[in-house]
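Inspection log for the structure reproduced underneath, given as structure tokens.
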Amino acid sequence: MSGSDKRVVRIGTRGSLLATTQAETVRQGLIAAGLDAELVIVKTAGDLSAAPVQEIGVGVFTAALREALTDGKVDVAVHSYKDLPTAPDERFVIAAIPPREDPRDALVARDGLVLGELPTGATVGTSAPRRAAQLRALGQGLDIRPLRGNLDTRIGKVASGELDAVVVARAGLARIGRLDVVTEALDPVQLLPAPAQGALAVECRIGETELIEKIGTLDDPNTRAAVQAERGLLAELEAGCTAPVGAIAEVVESIDEDGRVFDELSVRGCVAAIDGSDTIRASIVGSTHGAEELGRDLARELLDLGARDLVAVTEPAAGGAPHV
């Protein structure tokens, strides 16, 4: 891609407003890096199905984009990083993880209510078993309902009165300019977000050396370290624990005994029973180098604390909210 090379970099994305908005930020970044770039809409099986995500599998949102990369229909794919499988794919490289949006979950509720103000029996929609499990664990007696559709559809169910509230990723609302509907950004003490929530993965074919270098200008080292730790935790738990998993990692400043300031990685994780009957939490602090292994260490601590036993709890108690 020299000055005489007129190649236009094709950026593959899902067609939703959120996905195209995310991909557009990457396009603008590549243009700033000296490339011509355009968006290419790729339809996925997940976009064509109304089934709950846990039935169709979150991989449907990334498989079509990766197939388009493999077939040469696009040069770059932009993923919501939390949708990517944890196992690496030797065909591709994550060339950049741009600066992350706020990873917290957000409550959108009727009458401006915050989570603690929702009454017993209030209907709360969510697409994620992780959110459902942690919401049930709060013991408020909320009626958790399955939820699909784009962000406008989800928040519209509150405006229409179909639901009392929905819980969605704050990052998505921020990217489409709808933070005005948020009634509370949920503290991770209440709900730990999904591993890599709020982060993007900019992926291309292995071996595209010059393109990888250009994309790499969009990479944020702190975001990459945090996401690697969170996904390391998830990967380790998948070996023997399928209960809903939350994690958040943050680069924090520490001071050594000589008064020198240095960066460390603080990681919090949890595993919850889907019926809300139990939640196991743990945290760890370590070097930003070897972030993935730090996340795996935390996962092993969670397993030692009994996280593996939560695998058997897959349905809510009788009379509780429906499985989501």
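No hydrogens, no waters, no symmetry mates; every other heavy atom, side chains included, goes into these values.
Partners of Glu24 by salt bridge (charged side-chain N to carboxylate O under 4.0 Å, His left out), not counting sequence neighbours, listed by chain and number: Arg27. Partners of Arg178 under the salt bridge (charged side-chain N to carboxylate O under 4.0 Å, His left out) rule, at least two apart in sequence or in another chain, are Asp152, Asp180. Every residue meeting the side chain to side chain donor-acceptor pair (under 3.5 Å) condition with Asp258, not counting sequence neighbours, appears here in chain and number order: Arg260. For Arg281, there are no salt bridge (charged side-chain N to carboxylate O under 4.0 Å, His left out) partners at least two apart in sequence or on another chain. Applying the side chain to side chain donor-acceptor pair (under 3.5 Å) test to Thr153 and every residue at least two apart in sequence or in another chain returns Asn150.
The pair Arg224-Asp219 meets the salt-bridge criterion, with a side-chain N (NZ, NE, NH1 or NH2) lying under 4.0 Å from an Asp/Glu carboxylate O. Contact check on Glu292 versus Arg296 returns a salt bridge, with a Lys/Arg side-chain nitrogen under 4.0 Å from an Asp/Glu carboxylate oxygen.
Within the structure, the salt bridge (charged side-chain N to carboxylate O under 4.0 Å, His left out) test picks out the following pairs touching residues 263-273 (sequence neighbours left out): Glu250-Arg268. Annotation: salt bridge (charged side-chain N to carboxylate O under 4.0 Å, His left out) contacts involving residues 191-207, sequence neighbours excluded, comprise Arg66-Glu203, Asp75-Arg205, Arg205-Glu208. Applying the side-chain hydrogen bond (donor to acceptor under 3.5 Å, both in side chains) definition to pairs two or more places apart or across chains, those involving residues 96-107 are Arg100-Glu230, Asp102-Arg104, Asp105-Arg130, Asp105-Arg131, Asp105-Gln197.
For Asp89 (side chain) and Arg91 (main-chain N/O), a donor-acceptor pair under 3.5 Å exists by modelled atom type. Between the Thr126 side chain and the Ala128 main chain, a donor and an acceptor come within less than 3.5 Å of each other.
Hydrophobic cluster membership of Ile248, counting Ile, Leu, Val, Met, Phe, Trp and Tyr whose side-chain heavy atoms lie under 4.5 Å apart directly or via other members: Leu192. Alongside Val261, the hydrophobic cluster contains Ile255 (criterion: ILVMFWY side chains under 4.5 Å).
Of the N and O atoms on the side chains of Arg175 and Thr25, not one donor lies less than 3.5 Å from an acceptor on the other residue.
The CG atom of Leu135 sits 11.5 Å away from the CG atom of Asp143 when rounded to the nearest 0.5 Å.
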Donor-acceptor pairs under 3.5 angstrom involving side-chain atoms of residues 161-173: please list them, not counting sequence neighbours.
from: Asp164; atom 1: OD1; to: Arg110; atom 2: NE; distance (Å): 2.9
from: Asp164; atom 1: OD2; to: Thr123; atom 2: N; distance (Å): 2.8
from: Asp164; atom 1: OD2; to: Thr123; atom 2: OG1; distance (Å): 3.2

Cut-off 3.5 Å, no hydrogens considered: what does the side-chain donor-acceptor table look like for residues 299-306, sequence neighbours left out?
from: Arg300; atom 1: NH1; to: Glu236; atom 2: OE2; distance (Å): 3.3
from: Arg300; atom 1: NH2; to: Glu293; atom 2: OE2; distance (Å): 2.4
from: Arg300; atom 1: NH2; to: Asp297; atom 2: OD1; distance (Å): 2.6

